[in-house]
Amino acid sequence: MNKPATPNSFRTGPDEQGMFGIFGGRFVAETLMPLILDLEKNWNEVRNDPDFRAELTDLSTHYAGRPSKLYFAEGLTKHLREVSSAKGLGGGAKVYFKREDLNHTGSHKINNCLGQILLAKRMGKKRIIAETGAGQHGVASATVAARFGFPCVVYMGATDVARQSPNVFRMKLLGAEVRPVTAGHGTLKDAMNEALRDWVTNVEDTYYLIGTAAGPHPYPELVRDFQSVIGSEARAQILEQEGRLPDTIIAAVGGGSNAIGLFHPFLDDKDVRIIGIEAGGRGLDGIEHCASMNAGSPGVLHGNRTYLLQNADGQIMDGHSISAGLDYPGVGPEHSWLRDSGRVEYVPILDDEALEAFKLTTRVEGIIPALESAHAIAHAVKIVPAMDKDQIVIVNLSGRGDKDVHTVASMLGMEI
Amino acid sequence: MTTRIDRRMAKLKTEGRPALVTYFMGGDPDYDTSLSIMKALPAAGSDIIELGMPFSDPMADGPAIQAAGLRALKGGQTLVKTLKMAAEFRAGDNETPILLMGYYNPIYIYGVDRFLKDALASGIDGLIVVDLPPEMDEELCIPALKAGINFIRLATPTTDDKRLPKVLQNTSGFVYYVSMTGITGSALADTGKVASAVKRIKSHTDLPVCVGFGVKTAEQARVIGANADGVVVGTAIVSAVANVLGPKGEKTADPAEAVATLVSGLAQGVRSARLAAAE
C-alpha cells in the first residue's frame, strides 16, 4: 500500500465523490443511487442552516443532556500511578473520561440519531429503519423515532439479539419492531445487509438511519459531523480544565463513529497522539477478531471501500469480539484513510484485556463502562504507566455497560 | 465492436422474438453439477446466460439467491473457478453469450486488469455488477469497455428521466430493467407499469431492453416479453436447483434436468410473446 502524501489538513475530506483518498465512495445498487443523491442534497442544504443547527442544539441540550462531562478519572489515574511506581517508573499520566455514557440512552449514539431524525423529518420520510449490533444504536433510533412519531424497524443479528437482550426489550418498549437476522453469524454485518434490502424495497417513504460512520457517501461524512460534537466539546473542556491540549486521545473503533467523533476536531493538532482501538478478540493469529485495519485489506462492502476482513477470493469473513458493538468485519472509510496516512494509530485489544479494564473501571471509578469503551480504557491501562505525571490522556467513554452485565457474568462463570 | 451479445440480439430481432436470459449460480451446489446445468441451458432454450459469481454479502438478493451463493461458497466456488467454468462451457459453445453477474469485491480483490484479461480468455461477453453505479464507472466499467467486454447496467423504477442518460452513457450490450424496487425473487410488479417503463427507456436508447426481477413462470415470461427485448429469469432457476437438494445438500434428482425442464417452459413463454401481442 502506497502511503498517501501528507495533506495540509486532515479535516477536509471527503471529496465531491465521497472519497477519502482511495476509501469511501458510493458502491450501491442503482435503485439506491437516487436516494443517496437526494440525501446528499438535503444534507448539504441543512448542514449550515442556522435553524437546523438551533433545533439540533436545543434537543442535544434538553433532551440528550449535552454537553457531556469531561471527567478527571482520579481513581483510575491513582491506580495506574501505583502500577507505574511498582514498575519503578514513577510516572502515570492524568486520565480523563469523555462521559458519553451519561447521554440519554446511555451512549454516543443519540448524537447521530437526533441529527438524522431531523433530516428525515425535513425530507418528509414516513418510516425509519436501522441496523444495530450491541443494540445501542437500535435503542437510540427507537428513542428518536418514538420522540418524533415515526414507525421504526430495527434489524439485529440473531446472535446479538441473544447476547443483548436488555436492549432488545428497551427497543420493543419504545415501540420499535426488532427483526432478528439469521444469515451469516447473525451479527452487525448481516443486520446491515438486511437493512439495505429493506431500503432497496421501500424506497418511497423510508429513511435509513445508519448508526456508524460507514456506508455509501454521504453517510460517513454526515455521521462524523453529528458525532464531532464529542471532540469539539472535549477539546474546549480540556483547554478550560487543564489550559492545554491532551497528549493522547483514545477511542474504540467498530464502525468507528464514536472514535471519528472524538478524533476529527483534533486531527490538525499535530502534537496530539491519536489512537483507535480495534477488537482483537481472541488474538490476531486466527480469524476470531475484528481488527480489519491491523489484519485485513482494502475491499468493497456496504457501499464503501475500506479495510475489511476477507479471504483471498474477496469473500467477507465473520469476525469475533466479546463486544457486539465492535463485531463488524469492516470500518468507516475515513479511519482507513487516517490509518494509511499515518495520522492515527490503530491497535488491537483482546477480549480478556477489555474484560479486565471493565472490571477495573467498575471497581476504582464506580463506573460500569460498555465493553466497547472498555477496549479503549484497556489501552490506556497499557500506556499510561509509562507516561509522565504531567501528561494528559482522554479516553472516550462511549457508553455505559449495563447492557453488558449478562455477557460479563457468563464470561466470569457467574449466574444472574 | 460487436460482441456475442450484439450478434445474438440482432439475430433474435430478425426472428421477431425476445431473448430468454437465464441466471444461475456458478458452483451451486458444486462445480461439476453447476457446469452440467450451464451446458444444458442453450438446448433448453436459453438465449443468453448469466453466470452468477457467489458473494458472501449479496445485498440486493432475496433469500433464494442468497442461499444459492452460500451453497456455492460452501462447495468451494471461487472467482477463479467461475472463470474456469465459463471457459469449459465456451470450449463447446462459441455462440451463446455469457455474462458474469455479481458484486464488485471479489473482482476488486482478483485485480481489475487481471480479471478482464482472464474473463476475455474465458469467453466472457459482458458484466453485470450490482454495486457499481455510473458514479463509480472508473473502477471497472470503463476498463471493461476498453477491453471489449460489455458492461450491462441496471435501470430501476427510481431511475428517472433526468438520471437515465447517466445510467445509459457507458452501457452496452443491453439495458437490464429491474421491474420493481426490491431484492431478487420478490413478487412481479404491475406488468402495465413495466411495459411503460420499457417504453420510456427505449425513448432514450437504441439498446435492447431486457426485464428481470420477479419473472418466474412461462406465462409471466410471455406477458413481459410482449413489450421487452428480453426476459431475465433467475430466482426460479436457482430455486429449481434447491428443490432437488435434500436437507444435507444431497441430490434427490438431477439439477440440470430440473433446470432444463423449467427453462424449456420459459422458452415457450418468450416464443409466444410476440404472437400473443400481435393478436
Side-chain angles (χ1 to χ4, degrees), chain A residues 16-19 22 24-38 40 181-185 189-190 192-206 215-217 296-306 308-318 329-330, chain B residues 53-63 66-67 69-70 72-73 76-82 102-111 115 129-136 138-140 153-160 162-164 166-167 171 176-178 180-184 186 213:
Chain A
E16 281 179 11
Q17 302 304 315
M19 305 300 287
I22 67 159
R26 290 178 283 212
F27 297 88
V28 296
E30 170 60 24
T31 309
L32 292 180
M33 213 42 231
L35 281 74
I36 283 166
L37 293 171
D38 187 44
E40 185 184 1
V181 179
T182 52
H185 279 197
K189 159 177 100 89
D190 311 297
M192 202 148 179
N193 287 335
E194 213 54 38
L196 284 164
R197 290 182 187 119
D198 182 311
W199 200 26
V200 85
T201 306
N202 300 293
V203 295
E204 296 290 330
D205 62 348
T206 297
H217 178 68
S297 56
V300 174
L301 178 71
H302 293 154
N304 56 179
R305 177 161 34 222
T306 193
L308 298 172
L309 300 180
Q310 54 187 330
N311 68 15
D313 188 44
Q315 308 297 334
I316 311 304
M317 323 268 268
D318 289 292
Chain B
M53 302 177 283
F55 182 49
S56 53
D57 293 82
M59 280 98 65
D61 284 304
Q66 288 176 42
L70 290 179
L73 291 174
Q77 191 72 2
T78 59
L79 186 48
V80 172
K81 288 188 182 174
T82 303
Y103 295 81
Y104 183 43
N105 196 52
I107 296 170
Y108 177 69
I109 296 305
Y110 194 95
F115 169 77
V129 184
V130 178
D131 51 354
L132 284 178
E135 280 74 4
M136 310 309 290
E138 299 293 329
E139 297 279 336
L140 179 63
R153 185 95 61 197
L154 306 181
T156 74
T158 58
T159 314
D160 60 18
K162 195 169 147 240
R163 182 167 170 79
L164 207 43
K166 190 172 178 82
V167 168
T171 301
Y176 185 143
Y177 180 66
V178 176
M180 41 97 183
T181 61
I183 51 180
T184 52
S186 307
F213 278 45

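Since the structure is predicted, the reported quantities are computational estimates derived from the model, not experimental observations. Below, chains carry the letters A, B, ... as their sequence lines are ordered, and counting in each starts from 1.
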Need one label for B:V129: side chain, backbone, both or neither, based on atoms under 4.5 Å from any heavy atom in chain A.
neither
Is it true that B:K166 and A:E30 make a salt bridge, defined as a side-chain N closer than 4.0 Å to a carboxylate O?
no
For B:T181 and A:T201, the nearest pair of non-hydrogen atoms, with its separation, is OG1-O, 3.0 Å
Among A:Q17, A:E194, A:H302, the residue with the most heavy-atom pairs under 4.5 Å to chain B is A:H302
What part of B:D160 gets closer than 4.5 Å to chain A, counting heavy atoms only: side chain, backbone, both or neither?
neither
With heavy-atom distances below 4.5 Å as the criterion, would you say the side chains of B:P58 and A:R197 are in contact?
yes
Contact class of A:Q310 relative to chain B, heavy atoms under 4.5 angstrom:
side chain
Is there a donor-acceptor contact under 3.5 Å from the side chain of A:N193 to the main chain of B:M59?
no
CA sep, side-chain torsions, deciding dist, call: B:M136, A:M33, side-chain contact (heavy atoms from CB on, under 4.5 Å):
CA-CA 11 Å; B:M136 310 309 290; A:M33 213 42 231; over 6 Å; no
To the nearest 0.5 Å, how far apart are CG in B:D57 and CD1 in A:I316?
5.5 Å
Starting at CD1 of B:I109, measure out to CG of A:N311 and round the result to the nearest 0.5 Å.
9.0 Å
Here the pair of heavy atoms bringing A:P34 nearest to B:R163 is CG-CD, 3.8 Å
Can you tell me which portion of B:E138 sits under 4.5 Å from chain A's heavy atoms? Options are side chain, backbone, both or neither.
neither
For the residue pair B:T158 and A:T31, what are the closest heavy atoms and their distance?
OG1-O, 2.9 Å
Are the side chains of A:V28 and B:D131 in touch, meaning some heavy atoms are under 4.5 Å apart?
no
Report the option among A:V203, A:L196, A:D190 that has the most heavy-atom pairs separated by less than 4.5 Å from atoms of chain B.
A:V203
The side chain to side chain donor-acceptor pair (under 3.5 Å) partners of B:Y176 (sequence neighbours excluded) come to none
Quick check: closest heavy atoms across A:V300 and B:F55, and the distance to 0.1 Å?
O-CZ, 4.4 Å
When the 4.5 angstrom heavy-atom criterion is applied to A:A195 and chain B, the contacting part is neither
Gap between atom CD of B:E135 and atom CG of A:L37 - 0.5 Å precision:
5.5 Å
Part of B:L73 within contact of chain A (heavy atom distance under 4.5 Å):
side chain
Examine whether an atom of B:Y110 lies under 4.5 Å from a heavy atom of chain A, and if so say whether it belongs to the side chain, the backbone or both; otherwise answer neither.
neither
All heavy atoms of A:F27 vs all of B:P133, minimum pair found to be CA-CD, 4.4 Å
Heavy atoms only, distances under 4.5 angstrom: which of A:A312, A:A29, A:S297, A:G303 has the most pairs with chain B? Name it, please.
A:A29
Mind checking whether B:E139 and A:R305 have side chains closer than 4.5 Å, heavy atoms only?
yes
Taken to the nearest 0.5 Å, the spacing of B:S56 OG from A:D318 CG works out to 8.0 Å
